[in-house]
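Below you'll find the structure, written out as structure tokens, and then a few comments.
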Amino acid sequence: MAELKIEGVAKTFGQTRVLHDIDVTVPDGGFLSLLGPSGCGKTTLMRIVAGLEVPSAGRVLIGGRDVTDLAPEARNIALMFQSYALMPHLTVAENVRFPLRMRRQGSRAEQEARVAEALELVQLSALAGRMPRQLSGGQQQRVALARAIVARPDVLLLDEPLSNLDARLREDMQVELIELHRRLKLTTVFVTHDQDEALSLSDRVAVMQGGRIEQEDAPDALYDRPATRFVAEFIGGANVIELAPPGALGVSGARLVLPPGAAPEGARAVALRQEDLALTADSAGADYALPVKIETRIFLGARARYRLRAGGLVLLAMVPRGALAQADVATHVVWSAQAMRFLSR
Amino acid sequence: MSDRITAAARRESLALLAPGIAVLLLAFLLPVAVILVTSVRDPAGGLTAAHFAKFFVDDYYLRIAWRTLRLALAITAVTVIFGLPLAWIMVRAGPRLRFAIMLMVILPLMTSVVIRTFGWLVVLGNGGLLARLGEFLGLDGRALVLMHTETGVVIAMAQVLLPFMVLTLLGVLRAIPRDLEEAARTMGAGFWATMRLVVLPLAVPGIVSGSLIVFALSISSFITPSLVGGVRLPVLASSIYQSIGGSFDWPFAAAQSVLLLAATLAVIIPYTRLARGRT
């Protein structure tokens, strides 16, 4: 267990810069998610922490010790691969014992006791003697998890560990990961492109885009106060609307015109969450109201998503099931002043 | 209904197999049967074990048999030792380096064995490249003359057969996910531990099938051992040739051929069992 500190890390592959000057700290026992679309550099950053890539600049510190130049085997980390990377020629128990054997932690009997304990933790004790190919995807995933935690690494790195599971299993595993983290308090870095996973699991989320960290914050803060357009769109898929010069409330091209004083100085765009938009035929009493035409409605079960048009402006609105009848005959979209998040970039 | 479909499918499969089976029957099984029969016939047409007895009572022939086996095993071992790292580097190298190594490995296959062997005569022979190097290093003039030695035969044969080993290993090593090696490193295994505990065990099927090919080719090889080893180091294949071409003793040649076939099968059958057990 230790603090992980990434200082000014950059990485170039040939001519391509994949990471720009990354600074981020995960406190001892913290859980940080690196969230971003594929190609944003999150996996490269994690591989640099693991020692599988060498940064072009910057330092990686684990528990205050500079490990930038150490080989992966000399760092006390564990990495759980998206592919699980279980050794196909070893049994489940031998796979889980592998890190203990390599790091020479304890006698053989002690190692076996810890393997049993780790398998207990992921509820796989019954399968200790099986070969990996005899297991289902979910079971393989648990073996990989047991193998990652068994040696009590200073830093636990998880590379999209849930992305190969079906939706139901994924939700179960999210709960188990939270439980496990609460129990073991391992410093954890979780790489994912799934915002729900990142928001539900982490203490802190770093949203990455184009090799930079756009915003690093607590999940609720990130959701409520996106700092950039990218974060607003990526987390929860908010409507990000360019602002036109102030005037009478309305639409100018694809831009929104707000009354003078509604937007702070320097605001260039406004983010409006889909669920903060309401559809109504009676816009009286609303802070803001725009006449709209409903283009499409996609029914999603508990909710429905509406695609709305107001002049050149297209908006997405999420409407709860109970309000569908009212929404279908709506003429206006309305929202409150508090729903607006102004973005300066 | 379904029975008729399976019957039809079986007939179709048989039709596809027919040309291969025909070639196998005419060009392989028939000659082998003739050899088997010839090896146990006496001049009067009766059955005899005399041709085999001739082989086993004569120390000269037993030495040949032992030498043939020993050379084949040594050649196989050398190709594994050189082929495994080479194949691993090819899998991990960038496209350019991989192409260069591939060219180096494949190119010898495109020249005749005779020419390649003559190349080795120049290197290994009296006053050859190696001997000169020995003199330059101040060694006794004959210390590095490897012509007419078993070492020379192993070196020349290993070079001739290395492509078969490398190409077989390449397919198997390529199928090992890179994640496994990286995972081993992150779990505390150094480079050599990763090679020993991850790459080597997963390469076993490739080592087995590569060894089978190299062993079968070297135990029956004729040209390179004759040219590099010379008359002082006969192997089974050259002894068979001698029996036919020198003493016109066809039955004895047939008996030696049967023994060669038996020795090959004795190695190959347990080996394939081993390979099947692993996978």
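In this text the structure is predicted, and so the values were computed from the model without any measurement. Reminder, nothing fancy here: chain letters follow the sequence lines and each chain counts from 1.
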Quiz item: For chain B, which residues from residues 109-132 of chain A lie under 4.5 Å away (heavy-atom distances)?
Solution: none

Quiz prompt | Per-residue contact mode, B:Leu197 against chain A (heavy atom under 4.5 angstrom) | solution = both

Quiz item: Of the backbone (N, CA, C, O) and the side chain (C-beta and beyond), which part of A:Leu52 lies under 4.5 Å from a heavy atom of chain B, both, or neither?
Solution: side chain

Self-check item: CZ/B:Phe99: more than 12 non-hydrogen atoms of other groups inside 6.0 Å
Solution: no

Exercise. Side chain from CB out, backbone as N, CA, C, O: work out which of these in A:Leu90 comes under 4.5 Å of a heavy atom of chain B, or both, or neither.
Key: neither

Quiz prompt | Close contacts, residues 35-42 of chain A versus chain B, judged by heavy atoms under 4.5 Å | solution = none

Exercise. Enumerate by number any residue of residues 177-190 of chain B whose heavy atoms lie under 4.5 Å from heavy atoms of chain A; in the absence of such residues, state 'none'.
Key: B:Asp179, B:Leu180, B:Glu182, B:Ala183, B:Ala184, B:Arg185, B:Thr186, B:Met187, B:Gly188, B:Ala189, B:Gly190

Self-check item: chain B interface, residue from A:Arg147, A:Arg75, A:Met80 that has the most non-hydrogen pairs under 4.5 Å
Solution: A:Arg147

Self-check item: Pairs involving residues 77-106 of chain A, ordered by first then second residue, that meet salt bridge (charged side-chain N to carboxylate O under 4.0 Å, His left out) (sequence neighbours left out)
Solution: none

